[in-house]
Amino acid sequence: MNLHEYQAKELMKRHGVRIPPGEPATNLDEAKAAIAKLFDAGNARVVVKSQIHAGGRGKGTFKDGFKGGVHLADSVEDATAKAEAMLGNVLVTKQTGESGKQVSRLLITSAENIKSEFYVAVLLDRALGKPIVMASAEGGVDIEEVADKTPEKIIKEVIDPALGLQPHQGRKIAIALGLRGRLIGQTASLLRALYKTWHECDGTMLEINPLALIVNEDGTEAVVALDAKMSIDDNALFRHPDIVAMRDLSEENPLEVEAAGHDLNYIKLDGNIACLVNGAGLAMATMDAIKHYGGDPANFLDVGGGATKEQVKAAFEIIVGDPNVQAILVNIFGGIMNCNTIAEGIVAAVKETHLTLPLVVRLEGNNVDAGRATLAASGLTLITADSLSEAAEKAVAAVK
Amino acid sequence: MSILVKPDTKFLVQGITGGFGGRHAQLSLDYGSQLVAGVTPGKGGQMFADTVPVFDSVAEAMAETGATASAIFVPPPFAADAILEGAAAGLDLVVCITEGIPVRDMIEVKDALKDSPTTLLGPNCPGVVTPGEGKDSSGGCRIGISPGYIHKKGNIGVVSRSGTLTYEAVWQLTSRGVGQSTCVGIGGDPVPGMTHLDVLKLFNDDPETTGIIMIGEIGGTAEEEAAAWAKAHCTKPIAGFIAGATAPPGRRMGHAGAIVSGGKGTAEAKMDAFREAGIGVAETPSEMADTLLKMM
């Protein structure tokens, strides 16, 4: 589950990470209140930031031509005008795709006087099975590019799961980032708070880009998290009702949300051949086979090992809810499940959903002969296949 | 020989009184496996299927029945604790079937088990099968949720992150009259117990295994690590398949661990690593068995 920047910052703040003062806003009145509060507190400048689940906001363009999803403003009037231009408008960034995303929330914060920018992230190193803190003095840039071209500029600190990030590790990172004096201790504390946020909230990834060295009005320096990107482990949501409440369903594909409600694992893709498969690995392999024979999969759909008739029906409804779909490939390896039960479920679902699209079915496994007989006797115009390859070939032929 | 389990391996089921655990415990009994005990705290003294005693703790079950392995079917919030209980009691092998365990829990479990003699398989895996000599391979050891009848006793080792793709590979082999030594599902989670590499090493050392099918998928670099080791050390032919070439980056494809993130863990990189190591790459999952058989 992905969080908005302002939500991630709220969690970080709770755990002691220093962030610039500010508030989210979902309408112009809230935005005006947040802007007034910041200027009243003595800030000379504010930042108005679009809140969408996609990167590249600053360099994005709104559908009406307004450039930039993140703006600086020097006055209440200026900030209000920017907020008005962004709220409800559709922002297109390099990560949103052409259709863009509607901006329904803003985050309005004070604008800091930035001296330098760093990158820092907490994530799982899968090869080690341990969390790591990754940092780079090259902040505010594309970290994957830095990792690719100049891997020596990436600082990596492995965390002992039983101990958490230790103060000396935090200081080591701070020094490697070029910080000196009391900023070393301050940064180490911030990094520890950041790790604590990741750990206690069951984060899968927490990225701060940039972490900034700022100059306060009195000339002192401080380290602050200016941005935040965080995702939470779906498996751990049961112990975080407060985070579940942060879920923004408008950021998710409606078909995927509906599928999740039926305990189906569905991911919409751009092709025209829909798949209905049992098992995640086989579902991926089915998509790959469609591509191998020159077609394009419309979705990933894993109905799981014990799919009920109701789930199969819901799956068909979700599949045909995608207007791009021109054919459907059902690939079931009935290991424990009786293939005949599966066949009956498919026939019932097709009849009840009045499906008219070409339907290729490949059944294999337990009691498969009876299952195939049920399909043959159904009166439906099904295309049957014995192997996954044959099924994929036939599905691709059906849309050509 | 075989790896991890033999037909006479005695095992228990943690969570045997639950619906899912009970159903698969029964299927293991039907297959003729040596399921000797169940464990559900608070339900000790009951009997499962009139023949299998249920205990309150793993330690008690082991002491009474001599079980050396376990299958865990307990719900995700309690599964990490069940794994640690199995290890603390001194089981040789803990097979965790449960899907949906928080990653943080598994990081802690993996760390806690680093010096433990207990081997962990899974979580989120179909388990392990060493086929038997009876009808439809019955009489073998089935720990987990795999369909037993698709197997056949023989000499091919199968290791995979995906359940249904394992069945697919096993079925292709059995349909061609080729049997298996042991079939191991390592599971689809990002922090697993055994890895491809761990299983590959066991197959390499097992005199009964003459060829290996290794099935991977997007996410992580475990396949690459296994391939690099295989290139230098494995003396047996390996055929492989990688699922997820068409998966969009940044999306979790069903399995918690099946995600391409930051350009890492792509199917392309894994297939390249396989080819580089001399592992035969099946172009489609329908060709897994044939790809191996051509190499042998």
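Letters A, B, ... are given to chains in the order of the sequence lines, protein chains preceding strands, and every chain is numbered from 1. Since the structure is predicted, the reported quantities are computational estimates derived from the model, not experimental observations.
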Can you tell which of A:G279, A:A236, A:P161, A:A127 has the highest number of heavy-atom pairs within less than 4.5 Å of chain B? A:P161
Measure the shortest side-chain to side-chain distance between [X] and [Y] over non-hydrogen atoms and say whether it is less than 4.5 angstrom.
X: A:I332; Y: A:C339; value: no
X: A:I290; Y: A:V396; value: yes
X: B:M194; Y: B:V159; value: no
X: A:R372; Y: A:T384; value: no

Selection from [options] maximising heavy-atom pairs under 4.5 Å formed with chain A:
options: B:V103, B:L27, B:V191; result: B:V103
options: B:G219, B:G265, B:P192, B:G216; result: B:G219
options: B:G254, B:A247, B:P102; result: B:P102
options: B:A267, B:G257, B:A258; result: B:G257

Examine whether an atom of [X] lies under 4.5 Å from a heavy atom of chain B, and if so say whether it belongs to the side chain, the backbone or both; otherwise answer neither.
X: A:A285; value: both
X: A:L124; value: side chain
X: A:L388; value: both

Between chain A and chain B: donor-acceptor pairs at under 3.5 Å:
{"unit_1": "A:R126", "atom_1": "NH1", "unit_2": "B:G257", "atom_2": "O", "d": "2.7"}
{"unit_1": "A:R126", "atom_1": "NH2", "unit_2": "B:G257", "atom_2": "O", "d": "2.9"}
{"unit_1": "A:H199", "atom_1": "O", "unit_2": "B:R104", "atom_2": "NE", "d": "3.0"}
{"unit_1": "A:H199", "atom_1": "O", "unit_2": "B:R104", "atom_2": "NH2", "d": "3.1"}
{"unit_1": "A:H199", "atom_1": "NE2", "unit_2": "B:E108", "atom_2": "OE2", "d": "3.4"}
{"unit_1": "A:E200", "atom_1": "O", "unit_2": "B:R104", "atom_2": "NH2", "d": "3.3"}
{"unit_1": "A:D202", "atom_1": "OD1", "unit_2": "B:R104", "atom_2": "NE", "d": "3.3"}
{"unit_1": "A:D202", "atom_1": "OD2", "unit_2": "B:R104", "atom_2": "NH2", "d": "3.0"}
{"unit_1": "A:D233", "atom_1": "OD2", "unit_2": "B:V103", "atom_2": "N", "d": "2.7"}
{"unit_1": "A:N235", "atom_1": "ND2", "unit_2": "B:I101", "atom_2": "O", "d": "3.1"}
{"unit_1": "A:R239", "atom_1": "NH1", "unit_2": "B:D105", "atom_2": "OD1", "d": "3.1"}
{"unit_1": "A:R239", "atom_1": "NH1", "unit_2": "B:D105", "atom_2": "OD2", "d": "3.4"}
{"unit_1": "A:R239", "atom_1": "NH2", "unit_2": "B:D105", "atom_2": "OD1", "d": "2.8"}
{"unit_1": "A:E256", "atom_1": "OE1", "unit_2": "B:R251", "atom_2": "NH2", "d": "2.7"}
{"unit_1": "A:E256", "atom_1": "OE2", "unit_2": "B:R251", "atom_2": "NH1", "d": "3.4"}
{"unit_1": "A:N278", "atom_1": "O", "unit_2": "B:T164", "atom_2": "OG1", "d": "3.2"}
{"unit_1": "A:D288", "atom_1": "OD1", "unit_2": "B:A245", "atom_2": "N", "d": "3.1"}
{"unit_1": "A:D288", "atom_1": "OD1", "unit_2": "B:T246", "atom_2": "N", "d": "3.0"}
{"unit_1": "A:D288", "atom_1": "OD1", "unit_2": "B:T246", "atom_2": "OG1", "d": "2.7"}
{"unit_1": "A:D288", "atom_1": "OD2", "unit_2": "B:G244", "atom_2": "N", "d": "2.6"}
{"unit_1": "A:D288", "atom_1": "OD2", "unit_2": "B:A245", "atom_2": "N", "d": "3.1"}
{"unit_1": "A:G334", "atom_1": "O", "unit_2": "B:Y149", "atom_2": "OH", "d": "3.4"}
{"unit_1": "A:G335", "atom_1": "O", "unit_2": "B:Y149", "atom_2": "OH", "d": "3.1"}
{"unit_1": "A:R362", "atom_1": "NH1", "unit_2": "B:E168", "atom_2": "OE1", "d": "3.0"}
{"unit_1": "A:R362", "atom_1": "NH1", "unit_2": "B:E168", "atom_2": "OE2", "d": "3.3"}
{"unit_1": "A:R362", "atom_1": "NH2", "unit_2": "B:E168", "atom_2": "OE2", "d": "2.7"}
{"unit_1": "A:E364", "atom_1": "OE2", "unit_2": "B:W171", "atom_2": "NE1", "d": "3.2"}
{"unit_1": "A:N366", "atom_1": "N", "unit_2": "B:Y149", "atom_2": "OH", "d": "2.6"}
{"unit_1": "A:S389", "atom_1": "N", "unit_2": "B:S286", "atom_2": "OG", "d": "3.0"}
{"unit_1": "A:S389", "atom_1": "OG", "unit_2": "B:T284", "atom_2": "OG1", "d": "3.0"}
{"unit_1": "A:S389", "atom_1": "OG", "unit_2": "B:S286", "atom_2": "OG", "d": "2.9"}

Does any heavy atom of chain A fall under 4.5 Å from the side chain of B:L197, the backbone, both, or neither of them? neither
Given heavy-atom pairs under 4.5 angstrom as the criterion, report whether the side chain, backbone, both or neither of B:A256 touches chain A. side chain
Contact summary for [X] and [Y], nearest pair of heavy atoms:
X: B:P285; Y: B:L165; result: CB-CD2, 4.1 Å
X: B:A282; Y: B:F241; result: O-CD1, 3.4 Å
X: B:I97; Y: B:G144; result: CD1-CA, 3.5 Å
X: B:I101; Y: B:C96; result: CD1-SG, 3.8 Å
X: A:I159; Y: A:I132; result: CD1-C, 4.2 Å
X: A:A395; Y: A:L329; result: CB-CD1, 3.9 Å

Kindly compute the distance separating CG (A:L165) from CG (A:L194), expressed to the nearest 0.5 Å. 9.0 Å
